[in-house]
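To start, the structure itself, in C-alpha cells.
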Amino acid sequence: MNNFVEAFKFIGRNGQVPGAPPLPSLVHLTLETLKIAGIAMAIALVIAIPLGVWLGHIHRGSFVAINVGNIWRALPSLAVLAIGVAFLGIGLGNVLLALSVLAVPPMITNAYVAVDGVDRDFVDAARGMGMSGWEILRKVELPLGIPLIFAGIRTSALFVVSTTTISALTGYSGSLGDIINNETSYHLSGVLGAAICIAVLALVVEFALAGLQRLVTPRGLKLAGREDATSAFVPIVGESS
Amino acid sequence: MTVVFAAAPVIPNFGGGSSQFACERANRLFCPNWVSRNWATVLWPALRQHVELTLIAVAIGFVLSTALALTAYRRHWVERPVLIITAILYTIPSLALFELLEPLPGFGLSRTTAEVALVSYTLLILFRNTLTGLREVPAEVRDAARGMGMSDRQSLLRVELPLALPAIIAGLRIATVTVISLATVASLIDNEGLGSPILAAISNEVFKTELIVAGGMAVLLALLADGLLVLLQRRLTPWTRARAV
C-alpha cells in the first residue's frame, strides 16, 4: 500500500523524481497523450462517420459496415503498432496511422446501424412531407441515430486513449506510457502514478463524451426512453453471418 | 519493466556474425531463416502461452459473468451495480490496470496479475450480452415452456439459454478477440505470450522480422479465434440460419 502513497506523492510533484535529472512533467505527458489521441480520433471520425452514415442512408454495404468492421476490430492493437514500426519506423506517423486505423471500425459499424435502423415509417412520413434525401438524412435519420453513432465514437475514443499509452511499448516517446516503460528512472511509485493518471484520463474522456452525447441528443429521444448510462460502453456486434 | 529484458543480448535474436545472418544484419523486413531457427524456441512457445492465457481468461470470465447474468436475470436489482463496476473496469486502459494490480500483495510480475486484468475486461461484454440474450426470449415462449410443465430450471436450461445462445456467442467473440489483443500487452507483466517477442524485438534496436512475424501471428490468432466462434455458433444454433434463408 506504501507504493500507492508514494504514487500519489509522485503525482503531487508533477512527475519529478528527487535526485534524478528533470523529466517531462506529468501534466505535459497527460496533455500529449490527450493530443495524440485527439488527432487520431479526428482523422478516424472524418473517414468513419460520413462513410457509415452514407452507407446507412442508402441501405447498402451492410457486409462492409458490419462484417468487415467486426473482423477489423479483432486486430490486436500492440500487434498492429509493432507491424507498423517494421514498415514505418518508430515515430508519431506510425502511432497516428495505427490509432486511426483501429478507431475506424466501431464508428463505421455504429453509424451504419444507427442510420440504417431508423424506422422506415419515419422516413416515409418525411418523404411524404416533401423532404429531399438530404433533408431526411439531416432532419430525421441523423437526430434519431445520434445515440448509436455516439456509442461508436465513445467506444473508439476509449480505445484510442488506451492504445496511445500502449504505443510507448513500441518505442514511441511522448505519452504517459513513457513513464510506465521507464521504471529505472521513475521507480514503481512513478509507474503507479502514471497508471493512475491514465485510468483517470480514460474515465474523464468517457464521462465528457457521455455529457456531450446528452447535449446533442434531441429532447424527444431523451423523453422517449431514459437510456442506461452504461449502455453505450459496449460496441454493437452485428448478427454473425 | 526494463528488468525483464536485462538478460537479453544487446541485439536480441539478430544472429551471429557469419554470412549466414546477412539478412538479419541488414534488418530486412522478413528473414525466413530467422523464423525457422527461432520457431521452436521463441515463436511457438509464445503462441502456445498466448492461447493458454486467452483460454484461461475467457473461461473464468465466462463462468463469472454467466453466474452474474443468471442472478441478475432473476433479481433485477443486481444488474445496475454489476454494470457500473464492470463498465469502470472496462474503461481503465490495460497498461494502467496491469501496473495498478502489480504492487498488490500476491500479484507482482506474474501470470495471476495478467489473468486478473484480462478477466476483468471480459466481464462487461459477456454479462451484458448474456443478460440481453435472456431478456429477449419472447414471453410467449417462456409461457409455452411453463404450459408444457417445465420447471423454472428446465425452462432456463432447455428453452431460454439455447435461445440466448446467439447473443452469448456474439459476446464471447468480442471478449475473446479483446483478450487476445490485451494479452500481448500483458507480456509487460509476465513476459510470456506473443507480446514478449514483440517487446524483445523493440527493446534495444528495432528488429523487423520478429515484429512482423510475432505481430502477424497475433493478428492471425485473433482472426482464427473469431472465425472458430462463428462456426461454433452456426453449429449450435442451426435454426438462426434456417430462418434467414
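Below, each value reflects all heavy atoms present in this structure, side chains not excepted, and no hydrogens, waters or symmetry copies. The shown structure was predicted, so the numbers you read here are calculated from the model rather than taken from an experiment. Labels below follow one simple rule: chain letters A, B, ... track the order of the sequence lines, proteins then strands, and each chain is numbered from 1.
Counting heavy-atom pairs closer than 4.5 Å to chain B, the top-ranked of the candidates A:A168, A:G177, A:S162, A:C197 is A:S162. When each of B:I92, B:I180, B:V213, B:V219 is checked for heavy-atom pairs under 4.5 Å with chain A, B:V219 comes out on top. For the set B:P93, B:A214, B:A218, B:A222, the count of heavy-atom pairs under 4.5 angstrom toward chain A peaks at B:P93. By number of non-hydrogen pairs under 4.5 angstrom with chain B, the leading residue of A:T165, A:V161, A:V80, A:L169 is A:L169. Interface summary for chain B: among A:A79, A:A199, A:A86, the most heavy-atom pairs under 4.5 angstrom belong to A:A86.
Other residues, nucleotides and ligands contribute at most 12 non-hydrogen atoms within 6.0 Å of the CZ atom of A:F8. By the neighbour-count criterion of 12 heavy atoms within 6.0 Å, atom CZ of A:R60 is sparsely surrounded, having that number or fewer from other residues, nucleotides or ligands.
For the atom pair CG (A:L78) and OG (B:S187), the distance works out to 7.5 Å, reported to the nearest 0.5 Å. Separating the OG1 atom in B:T184 from the CD1 atom in A:I166 is a distance of 7.0 Å, to the nearest 0.5 Å.
The main-chain N or O of A:L203 is never found under 3.5 Å from a side-chain atom of B:T91 such that the two would form a donor-acceptor pair.
Nearest approach of A:I83 to B:L211, heavy atoms of both residues: CG1-O, 4.1 Å. Heavy-atom minimum distance, B:S181 versus A:L75: OG-O, 4.5 Å.
Using a 4.5 Å heavy-atom cutoff, the side chains of A:F4 and B:L104 are in contact. Within the 4.5 Å cutoff, the side chain of A:L188 has heavy atoms near those of the B:E102 side chain. Within the 4.5 Å cutoff, side-chain heavy atoms of A:L192 are placed close to those of B:L100.
Only the side chain of B:I198 comes within less than 4.5 Å of a heavy atom in chain A; its backbone stays farther off. Only the side chain of A:I90 comes within less than 4.5 Å of a heavy atom in chain B; its backbone stays farther off.
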